[in-house]
Amino acid sequence: MRTPSRARVTRGRTATALVALATGLLLTVSACADAKKAEPKRKTFEFSGEKLDVRAHGNPTDLVESDTENVRVTLWFDEGMSIGSSSTTWELKGDTLELDASCSGFADCDTKFRVEVPRHTTVLRDGRPTNLKG
């Protein structure tokens, strides 16, 4: 039985160490995502209903009563310095507002939504009654 050469073993260990180091650095850098530092993006949706179901898919979301006729959404989304892909969804279909922002791969995203709804609108969070701020 042939034993691997010392040089081959050393190269294998070095490669493994470099991969572990790169992965650790990537996770450290990607953990720097902070929605508070993100540039806000806004969308306004025409709305004439009496009930709105906000489906945020686990993303932090402030629901606020406002003197507006429509639904206004603000998104803060930061991907940090990550390698991977991201996607955002914010759309109103009937009386359901779908909100989602996520990353995949070696990534750490930080997200926050703020939804302003017309006064006297019944608001549900993921199908359940909720209280509004403001």
Side-chain angles (χ1 to χ4, degrees):
M1 179 180 229
R2 189 173 168 179
T3 59
S5 71
R6 179 174 281 163
R8 195 175 308 152
V9 170
T10 301
R11 276 183 276 169
R13 288 181 182 161
T14 301
T16 301
L18 287 174
V19 168
L21 178 64
T23 302
L25 286 173
L26 180 61
L27 292 175
T28 300
V29 170
S30 69
C32 296
D34 186 357
K36 293 175 190 167
K37 296 178 183 177
E39 192 70 31
K41 297 177 183 173
R42 295 176 175 85
K43 279 190 181 182
T44 300
F45 300 95
E46 290 185 24
F47 183 73
S48 59
E50 295 178 11
K51 178 181 76 172
L52 179 68
D53 187 8
V54 179
R55 305 226 172 226
H57 303 279
N59 290 285
T61 305
D62 290 335
L63 303 174
V64 181
E65 193 173 51
S66 179
D67 290 324
T68 180
E69 294 179 13
N70 297 308
V71 174
R72 294 189 298 211
V73 180
T74 305
L75 165 64
W76 293 267
F77 182 63
D78 184 23
E79 298 177 67
M81 295 185 65
S82 57
I83 297 175
S85 62
S86 64
S87 65
T88 55
T89 301
W90 44 351
E91 60 188 6
L92 179 64
K93 291 183 179 179
D95 66 352
T96 302
L97 179 64
E98 291 284 342
L99 303 174
D100 195 14
S102 59
C103 291
S104 61
F106 288 108
D108 177 31
C109 297
D110 192 25
T111 305
K112 182 178 177 179
F113 286 98
R114 176 183 168 94
V115 179
E116 297 175 50
V117 298
R119 292 198 189 281
H120 311 295
T121 301
T122 300
V123 178
L124 307 175
R125 184 186 300 262
D126 298 318
R128 297 185 178 132
T130 189
N131 294 324
L132 300 177
K133 296 180 180 180

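The figures here come from the full heavy-atom set of this structure, side chains too, leaving out hydrogens, waters and symmetry mates. Here the structure is a predicted model, which is why all the values come from computation and not from measurement.
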- Query: With the threshold set at 4.0 Å, does a side-chain nitrogen-carboxylate oxygen contact exist between R55 and D53?
  - Reply: yes
- Query: Is there a donor-acceptor contact under 3.5 Å linking the side chains of H57 and E98?
  - Reply: yes
- Task: Could you pull out the closest heavy-atom pair between T68 and P118, with the gap in Å?
- Result: O-CB, 3.1 Å
- Message: Does any part of the side chain of V117, heavy atoms only, come nearer than 4.5 Å to the side chain of V64, both counted from C-beta?
- Response: no
- Could you check if a side-chain atom of F47 sits within less than 4.5 angstrom of a side-chain atom of T121, using non-hydrogen atoms only? yes
- Taking all non-hydrogen atoms of both residues into account, name the closest pair between P40 and T74 and its distance. CB-CG2, 3.8 Å
- Enter the distance from L132:CG to E116:CD here, rounded to the nearest 0.5 Å. 11.5 Å
- Does a side-chain N-to-carboxylate-O contact under 4.0 Å join E39 and K41? no
- Task: Would you mind reporting whether V115 and D62 have side-chain heavy atoms less than 4.5 Å apart?
- Result: no
- Query: Got L97 and V71 here, is their nearest side-chain heavy-atom distance under 4.5 Å?
  - Reply: yes
- Side chains of D100 and S87: closer than 4.5 Å at any heavy-atom pair? no
- Message: Please report the interatomic distance CZ(F113) to CH2(W90), rounded to the nearest 0.5 Å.
- Response: 7.0 Å
- Message: If I take atom CD from residue E46 and atom CG from residue N70, how far apart are they, to the nearest 0.5 angstrom?
- Response: 6.0 Å
- Between CZ of R119 and CD of E69, what distance do you get to the nearest 0.5 Å? 13.5 Å
- Under the side chain to side chain contact (heavy atoms under 4.5 Å, CB included) rule, what do T130 and L63 come out as? Steps first, then yes or no, please. CA-CA 9 Å; T130 189; L63 303 174; 3.7 Å; yes
- Please round to the nearest 0.5 Å and tell me the distance separating atom CD of E50 and atom CG of L52. 12.5 Å
- Heavy-atom check, side chain of S66 versus side chain of R72, under 4.5 Å: yes
- Item | Least distance between heavy atoms, R114 atom then W76 atom | CB-CZ3, 3.7 Å
- Item | F77 vs C103 side-chain heavy atoms within contact, under 4.5 Å | yes
- Item | Side chain proximity check, L99 to N59, heavy atoms < 4.5 angstrom | no
- Is the number of heavy atoms from other residues, nucleotides or ligands within 6.0 Å of NZ (K43) greater than 12? yes
- Message: Test your reading of the model: is there a side-chain donor-acceptor pair from R125 to the backbone of T61, 3.5 Å cut-off?
- Response: yes
